[in-house]
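Notes follow the structure.
Note that ligands are numbered from 1 as they come in the structure, with each ligand's atoms numbered from 1 the same way. The analysis underlying the following values was restricted to heavy atoms, covering all of them including side chains, and did not include hydrogens, waters or symmetry mates.
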Amino acid sequence: MNKTDAAYQKCINPDCAAEFDCSSAIGGFKCPRCGELLDIWYNWDKIHVPDKLSDFAKRWANKKGPLDFSGVWRFRELLNFCPDKYKVTIGEGQTILQQNDAVAEYVDMQRGCLYLQYEGLNPSGSFKDNGMAAAFSHAKMVGAKSCICASTGNTSASMALYAHSCGLKSTVFIGSGRIAFGKLSQSMDYGAKTIQIRGDFDDCMRQVQNVCTKLGLYLLNSLNPFRLEGQKTIMYRILEGLGWDVPDWIVVPGGNLGNSSAFGKAFLELKQLNLIEQIPRMAVINATGADTLTDLVNNKKLRWNNGKVNQAVIDDYYADLTALNFSPHTCASAIEISRPVNLKKCLRAIDICDGVVRAVTDEQICDAKAIVGKFGLGCEPASAASIAGLKHLRAEGIIGPDERVACVLTGHALKDPNVTVNYHKQKQGQFSNPPTEAPNDLDEIIKIIS
Ligand code: F0G
C-alpha cells in the first residue's frame, strides 16, 4: 500500500488489520487475507478538512457546480478517497430534515423534539443513492465495466440508475416474490438484467458473492466500503438541518446494517476531527420477523469488544437458522434479512454511539407508516420501523420526551403501494382510511361526502 495516499482500505479485524490502497477493487470487498469486512481509513493530515462544519454549508450557494450541489460531495473532504474527475453525481442527497409535531405526539414526545430525515427524496427514491454516488465514483476510478448486487429492491433500483448514468452494465439478484413492485419496476426500467432467484435475500446475497468472485464483477452491496462512505453524509445533513447541532438520538431501521455502520463511523470521525463535541446515541430497529441483530445483541449479548467479536456465537446462531430452515418474514420487505453482512460494523457503531437495538411488529410498522403518511411526506414500511421503534423506546423510558431525536426515513412512500393499499382497504390498522364505494349518481355521491 502507498502510505502517502490520503485514503486506504483496512481490514476491521484487529488481528489482521491488513491495508490496501483505494485504487484496487478487492473481489467481493472481503479482506483477501482473513475474509473480514473492509473499512476506508483516511490520513487526515493529508486532507484539508474545514475547521468547522458550517463551512460546508457555503457550497449550497453554488448551484452550477455539480459536486457542490450534490448532498454527498458537498462534504467531499470527509470521504476523500478519489480525485474529483472520477466523482459521480446525479443530484443525490437533496433531502430534508423536517420537524414533525404530529408524529412526535404519536410517539409521546414533546413538540419540537422529533425530526424526520426524508431520504425518499433521492433520485431513485431511497437513501441508497448516497452510497451509490460514492461507490460508482470508485468503480469509475478502478475502470469497472460491469456491476452487480443482491437486493430487497432499493439497492437494485439505485444501482441500475447509477449504472446506466455511468455506462456500466448491471445485474441484480432479487428473491422471487420478495420485492415491492415499485422497486422491481425501477430496476427493469433502468435497464438492469434482473434475475429473480428462487430464495430469499440471504440466498441472493450468498450467490452474488460467489458470482462476483467467479466473474470479477464490481459488487455494489453494502459490503462495498466505498458505498458506506457515501451513506455517512446522511448524518452530515441531519447536523446541517439542526444548524450543526448534534441530536440526542438517531433512530434507523436495520436490515443489512450498512446505514447504522456508516452512521457510527461518521460520528467517530467527526469527533476525532473535533468537528462535533459529542456523539449522539443510536437506536437500530429490526422487524420482529427479521430480528437477528436484536436477538444477538439483547439476548446473546454479542458485543464489538474492540473488534474481537465472538464469532462462535454468530456461527451457532446461523447454524440454528439453517437447521430450522428459517426464512425471515415481514411486510417491511426492505429489511427482510436474517444474515446481515455488516453485523460486525454495526456492533462497532453501537459501541461508538452507546446504541440500543429493538424489534417492532408488522402491525406497529404499518400503524407508524400510516401516521407518517397522514402527517408527513410518507415513507415505505421499512422506514416506518424507525418511528415504531422510537414509540417503543419512549414507552420504555429509554428515550426521554424532551430529547432531540432524528428518525431516518429511508425510502419513498410509493416504493411499496401494495402494503399501503392493503392496510387501508382491509381496515387492518388503527389508522386505516378505506375508500368508499359509490354508485354513479350525483345525489348519492354528495350524501357520502357530507
Ligand atoms: N430501509 C430501506 C428502505 C431499505 O431499502 C433498506 C435496505 C434498509 C432500510 C436497511 O438498511 O441494510 O443499511 O440496514 N435495503 C437493502 C436493499 C438491503 O437491497 O435495498 P441497511
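Between Asp245 and Arg404 a salt bridge is recorded (basic side-chain N to carboxylate O distance below 4.0 Å). Note on Glu403 versus Arg281: no salt bridge recorded, every NZ/NE/NH1/NH2 to OD/OE distance being 4.0 Å or above.
Here the options are Asn154, Asn259, Thr410, Thr95, the test is side-chain hydrogen bond (donor to acceptor under 3.5 Å, both in side chains), and the partner is Glu119; only Thr95 passes.
Gly254 counts as a contact of ligand 1, since one of its heavy atoms falls under 4.0 Å from the ligand. By the 4.0 Å heavy-atom criterion, Gly153 is counted among the residues contacting ligand 1.
In this structure, Tyr218 has its ring center closer than 6.0 angstrom to the ring center of Phe29. The six-membered or imidazole ring of Phe56 lies away from that of Tyr236, with a centre-to-centre distance of 6.0 Å or more.
In this comparison of Val408, Thr410, Ile335, the heavy atom closest to atom 8 (C) of ligand 1 sits on Ile335. When the heavy-atom distances from atom 4 (C) of ligand 1 to Ala384, Pro381, Ala334, Cys204 are ranked, the shortest goes to Ala334.
Only the side chain of Glu380 comes within contact range of ligand 1, with a heavy atom under 4.0 Å; no backbone atom does. The part of Ile337 lying near ligand 1 is the side chain, judged by heavy-atom distances below 4.0 Å.
Checking only distances, Ser151 does come within under 3.5 Å of ligand 1, N or O to N or O. Residue Gly411 places no N or O, backbone or side chain, under 3.5 Å from any N or O of ligand 1. Considering both main-chain and side-chain atoms, Asn259 comes within under 3.5 Å of ligand 1 through a nitrogen or oxygen pair. Polar contact with ligand 1: present for Thr155 (N/O pair, distance under 3.5 Å). When only interatomic distances are considered, the shortest N/O to N/O separation between Thr152 and ligand 1 falls below 3.5 Å.
Using a 4.0 Å cut-off to heavy atoms of Asn154, the atoms of ligand 1 that qualify are 2 (C), 3 (C), 4 (C), 5 (O), 20 (O). Residue contact check: Ala382 has heavy atoms under 4.0 Å from atoms 1 (N) of ligand 1. Here is the list of ligand 1 atoms found below 4.0 Å of a heavy atom in Gly258: 12 (O), 13 (O), 14 (O), 21 (P). Counting the atoms of ligand 1 from 1 in the order shown, those under 4.0 Å from a heavy atom of Lys128 are 5 (O), 6 (C), 7 (C), 15 (N), 16 (C), 17 (C), 18 (C), 20 (O).
Remark: Arg339 is positioned above the aromatic ring of Tyr318, its terminal NZ or CZ atom under 6.0 angstrom from the ring centre and at most 45 degrees off the axis.
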Next item on the list: Tell me, with the steps shown, if Glu36 and Cys16 meet side chain to side chain contact (heavy atoms under 4.5 Å, CB included).
Entry: CA-CA 9 Å; Glu36 262 305 342; Cys16 171; over 6 Å; no
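The environment of CH2 in Trp244 is crowded: more than 12 heavy-atom neighbours from other residues, nucleotides or ligands sit within 6.0 Å. Environment of CG in Asn306: sparse, with no more than 12 heavy atoms of neighbouring residues, nucleotides or ligands closer than 6.0 Å.
The protein heavy atom nearest to atom 21 (P) of ligand 1 is Leu257 N, 3.4 Å. At the top of the distance list for atom 6 (C) of ligand 1, counting protein heavy atoms only, stands Phe127 CE2, 3.7 Å. Nearest protein heavy-atom contact of atom 12 (O) of ligand 1 is Asn256 N, 2.7 Å.
Taking the six-membered ring where tryptophan is involved, the planes of His164 and Tyr190 are tilted, since the angle between them lies from 30° to 60°.
In plain terms, the two heavy atoms of Glu229 and Phe81 that are nearest each other are CB-CE2, 4.1 Å.
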